Amino acid sequence: MPRPALPQSLHNKFTTSPKQRMDMEFSLGDSIQSVAQRPLVLAVDDNEDNLILISFTLELVGCAFLTADTGETAITLAQSHQPDLILLDIMLPDLNGIEIVTRLRQDPRTNKIPIVAVTALARAEDRANIIAAGCNDYITKPYVVDDLEVILRRYLN
């Protein structure tokens, strides 16, 4: 079955290098609202389809965003750009999301950034461990886009 067509801005996001992608993401939607006025969100997931869905939702609610598909990239981007919110997949190929949260909470540049776990780990025990590690909130995959929007508005307003 063919994939649905994506707006060119989202298609470009996944056919360019991370550096080109980062430059582009800051420029998306400039005609609607300047980047400086929009909240910056770091979306971290190793699954391209998940990043596309999150990116689409972030565009709809008027956020500027960065994407990362590894934990090390996420930490580097969080330290250098200090986003207003981090949406973090817990199961990444290089670092466990709990390790990422721990490292971000230990760094004075990133320790106050709200972190929302976006994960397939759905047991009550998983949720408790993720919140105890330092995440501010939690949403289970698959999620309803409206639920993600509620969380975005909660932490960005």
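Remember, it's a predicted structure, so these values are computed and weren't measured experimentally.
Taking each heavy atom of L51 and A43 in turn, the nearest pair found is CD2-O, 3.7 Å. What you find for I139 and Y143 is that their closest heavy atoms are CD1-CB, 3.5 Å. The heavy-atom pair separating T73 from A68 by the smallest distance is CG2-CB, 3.7 Å.
Just one of V101, T102, I100 meets the side chain to side chain contact (heavy atoms under 4.5 Å, CB included) condition when paired with L104; it is I100. None of I86, L85, L87 except one satisfies the side chain to side chain contact (heavy atoms under 4.5 Å, CB included) rule with I115; the exception is I86.
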Check your understanding: Where do D46 and T70 land on the side-chain contact (heavy atoms from CB on, under 4.5 Å) test, with the steps shown first?
Key -> CA-CA 6 Å; D46 61 320; T70 67; over 6 Å; no

**Study point:** Worked verdict on L40 versus L42 for side-chain contact (heavy atoms from CB on, under 4.5 Å)
**Key:** CA-CA 7 Å; L40 179 61; L42 172 58; over 6 Å; no

Exercise for review: Could you give me the CA-CA distance, side-chain angles and deciding distance for L88 and V118, then say whether side-chain contact (heavy atoms from CB on, under 4.5 Å) is met?
Suggested key: CA-CA 6 Å; L88 177 65; V118 182; over 6 Å; no

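Of the inter-residue distances, the one linking N47 atom CG with L92 atom CG reads 11.0 Å to the nearest 0.5 angstrom. Atom-to-atom distance recorded for L148:CG and L60:CG is 10.5 Å, nearest 0.5 angstrom. Here the CG atom belonging to N50 is positioned 12.0 Å from the CG atom belonging to D69, to the nearest 0.5 angstrom. T110 contributes atom OG1, which lies 8.0 Å from atom CD of Q82 (distance to the nearest 0.5 angstrom). L156 contributes atom CG, which lies 12.0 Å from atom CZ of R38 (distance to the nearest 0.5 angstrom).
T76 pairs by the side-chain hydrogen bond (donor to acceptor under 3.5 Å, both in side chains) definition with nothing, not counting sequence neighbours. For V145, the side-chain contact (heavy atoms from CB on, under 4.5 Å) test picks out L53, T57, with sequence neighbours left out. Every residue meeting the salt bridge (Lys or Arg N to Asp or Glu O under 4.0 Å) condition with D126, not counting sequence neighbours, appears here in chain and number order: R123. Considering only residues two or more places apart in sequence or on other chains, D107 meets the salt bridge (Lys or Arg N to Asp or Glu O under 4.0 Å) condition with R109. Under the salt bridge (Lys or Arg N to Asp or Glu O under 4.0 Å) criterion, E72 pairs with R103, sequence neighbours left out.
Sorted by first and then second residue, the salt bridge (Lys or Arg N to Asp or Glu O under 4.0 Å) pairs with a member in residues 75-94 read D89-K141; sequence neighbours excluded.
Side-chain atoms of E59 and F65, non-hydrogen and from C-beta on, do get closer than 4.5 Å to each other. Side chains of D137 and R154 form a contact here, defined as non-hydrogen atoms less than 4.5 Å apart. With a 4.5 Å cut-off on side-chain heavy atoms, T67 and S55 count as touching.
V150 and I131 fall into different hydrophobic clusters, where Ile, Leu, Val, Met, Phe, Trp and Tyr side chains are chained together by heavy-atom contacts under 4.5 Å.
Of the possible donor and acceptor atoms, one in the side chain of Y155 sits under 3.5 Å from a partner among the backbone N and O of N136.
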